[in-house]
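Input: a single structure, listed below in structure tokens.
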Amino acid sequence: MDGFVEVTSESWLSRLFGSIKSVVVGLILFLAAIPLLFWNEGRAVKTARALEEGAAAVRSVTTDRVSPENEGKLIHLTGEAVSSVTLTDPAFGISESGLRLERKVEMFQWDEETKSNTRKKIGGGTETVKETTYVTKWSSNKISSSKFKQGTGHQNPTSWAYDSTETISPSVTIGAFSLPASVTGKIGSGQPLQATEGTLPAELQGRVKVADGYYYLSASPSTPTVGDLRVRFSIVRPTVASIVAKQSGNSLTPYTTKNGRTIELVETGPKSADAMFTSAKEGNAALTWILRLVGFVVMWTGFGMIFKPLVVMADLIPFLGSILGFGAAVFSFIVTAPITLVTIAVGWIFYRPLLAILLLLGAGAVVVGGIALALMFGKRKPA
């Protein structure tokens, strides 16, 4: 195994002092979750209103001509996105026609992986066994070996001969409309280009080997060494796209709604305006629930950390600490779940007061009706 094992111990008193810090961190997390949840409700409502405004204002147009009467309006168009420009990568002699040319560069590098296991000991202390191993792998991210615990023999190069790039065609059109880079960058997905040695510039001939669809700057692609590079290209070919944006001359720009939100929807394939707005609304709803869950977890975690000193004190007898830790987690859940719901409800009242009031009146009517029915049947005399 290329690595090492560390065994460290921490006394009960040291853990107790450390747990006091967790109380401060826990309070910060708990308090930070409240504005996060409140902000999320505002973001969701504003985005929903912007999409509703856009769905009501959008007009579908044909792409054979640009109509002056639609200037500044929110339009929807569908057609084949094409480019008249040949995209090139001079460094590797690539020349292809398409919407985007993508170069992905990976380096064979060292990476540090750590696994740890902590067990409690009688008396409240802990023992941690940490296993650190060093592995080699291809990665498009630069892994800094300066942060490795055992840097000797595991150094990664700090500079790369080539970087990953994306070249967007400056001339992409759908019929009479010219597309900006912000739109072109969202259309389609890249198709891998077959690597060939024949197109390589003279300076790379002999230095670069081709295997498995990659260009390898390596003495042996099958047995790479740290610092070797491999490069792969992909091209986004002309394809049908659907766009919702503001008409600006013969081009498109983001549409600004009354509440300041912008709309620029791009999907690959023929999609109606209704389908695109439905998809955007579903995405907004999904993001809202994700952020609600994140806010709840942050609040739950933070509140639980406040009890850390009590759990550590109970760890004098390990099983008591485990029981108290579980109880603290359950209690934190019971406390933070309703606080989360109340925060969300307050957000609704603040951002959508009319709807919130109607919901509250409806809920109150159900409760009152249920009580009335219960009283009515309770007073009915048996036959």
Side-chain angles (χ1 to χ4, degrees), residues 46-90 94-104 164-194 233-284 287:
K46 290 177 182 178
T47 301
R49 286 175 175 168
L51 292 173
E52 290 170 2
E53 179 186 331
V58 69
R59 54 182 69 181
S60 295
V61 302
T62 58
T63 60
D64 57 338
R65 60 182 292 270
V66 177
S67 300
E69 60 267 23
N70 292 327
E71 179 66 20
K73 305 295 184 181
L74 183 65
I75 64 171
H76 160 260
L77 57 89
T78 296
E80 185 176 22
V82 297
S83 173
S84 59
V85 175
T86 298
L87 303 177
T88 62
D89 189 307
I94 302 297
S95 180
E96 289 286 336
S97 176
L99 309 184
R100 297 195 311 274
L101 177 64
E102 301 166 351
R103 178 214 285 175
K104 183 180 180 181
S164 296
T165 60
E166 180 184 62
T167 303
I168 298 177
S169 172
S171 178
V172 177
T173 59
I174 293 182
F177 291 88
S178 177
L179 306 186
S182 62
V183 170
T184 303
K186 299 174 184 176
I187 297 175
S189 57
Q191 303 171 17
L193 289 175
Q194 185 63 39
F233 288 88
S234 61
I235 189 77
V236 178
R237 303 288 186 189
T239 186
V240 174
S242 300
I243 305 166
V244 172
K246 183 177 77 172
Q247 179 177 308
S248 298
N250 71 334
S251 187
L252 302 168
T253 57
Y255 178 85
T256 302
T257 60
K258 293 177 181 178
N259 64 6
R261 300 279 163 161
T262 58
I263 296 176
E264 185 181 69
L265 308 180
V266 182
E267 292 195 37
T268 303
K271 303 289 177 64
S272 67
D274 287 343
M276 294 181 71
F277 275 100
T278 297
S279 178
K281 290 174 182 178
E282 291 173 349
N284 181 46
L287 178 60

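Every heavy atom of this structure was used, including side-chain atoms; hydrogens, water molecules and symmetry mates were not.
Rounded to the nearest 0.5 angstrom, Leu74 CG and Tyr255 OH are separated by 6.0 Å. Here the CG-OG distance, from Leu99 to Ser171, works out to 10.5 Å after rounding to the nearest 0.5 Å. The CD atom of Glu71 sits 9.5 Å away from atom CG of Asn250, with the distance rounded to the nearest 0.5 Å. Atom CD1 of residue Ile168 and atom OG1 of residue Thr184 lie 6.5 Å apart, to the nearest 0.5 angstrom. How far CG of Leu265 is from NZ of Lys271: 11.5 Å, rounded to the nearest 0.5 Å. Here the CD1 atom belonging to Ile75 is positioned 11.5 Å from the NZ atom belonging to Lys246, to the nearest 0.5 angstrom.
Thr239 and Arg237 form no side-chain donor-acceptor contact under 3.5 Å, judged by distance and modelled atom types alone. Side-chain N/O atoms of Asn259 and Thr257 include a donor and acceptor closer than 3.5 Å. Using a 3.5 Å distance cut-off with no hydrogens or angles, the side chains of Ser234 and Glu102 do pair a donor with an acceptor.
In this structure the side chain of Thr167 never reaches within 4.5 angstrom of the side chain of Asp89, judged on heavy atoms. For the pair Ile263/Phe277, a side-chain contact is recorded, criterion being any heavy-atom separation below 4.5 Å from C-beta on. Annotation: side chain of Glu96 is not in contact with side chain of Leu87 (no heavy-atom distance under 4.5 Å). Residues Leu179 and Ile243 form a side-chain contact, since some pair of their non-hydrogen atoms from C-beta on lies under 4.5 Å apart.
Between Pro238 and Val82, the closest heavy-atom pair is CB-CG1, 4.0 Å. Contact between Phe177 and Thr62 at its shortest, heavy atoms only, is CE1-O, 3.7 Å. Closest heavy-atom contact between Met276 and Val244: SD-CG2, 3.9 Å. The nearest pair of heavy atoms linking Ser95 to Thr88 is OG-CG2, 3.9 Å. Residues Pro180 and Ser251 share a closest heavy-atom pair of CD-OG, 3.9 Å. Ala245 approaches Leu252 most closely through the heavy-atom pair CB-CB, 4.1 Å.
Judged purely by atom type and a 3.5 angstrom limit, Arg65 has no side-chain atom pairing as donor or acceptor with the backbone of Ala176. When atom types are taken as modelled, the side chain of His76 and the backbone of Asp274 share no donor-acceptor pair closer than 3.5 angstrom. In terms of modelled atom types and a separation under 3.5 Å, the side chain of Thr78 and the main chain of Ser242 share no donor-acceptor contact. Side-chain atoms of Ser83 come within 3.5 Å of backbone atoms of Val85 as a donor-acceptor pair (strictly under, hydrogens ignored). The backbone N or O of Ala275 lies less than 3.5 Å from no partner atom in the side chain of Ser279, so there is not a single donor-acceptor pair. With Thr63 contributing its side chain and Gly175 its backbone, the two residues share no donor-acceptor pair below 3.5 Å.
Heavy-atom contacts from other residues, nucleotides or ligands closer than 6.0 Å to NZ of Lys104 number 12 or fewer.
Using a 4.0 Å cut-off between charged side-chain N and carboxylate O, Arg261 and Glu53 make no salt bridge.
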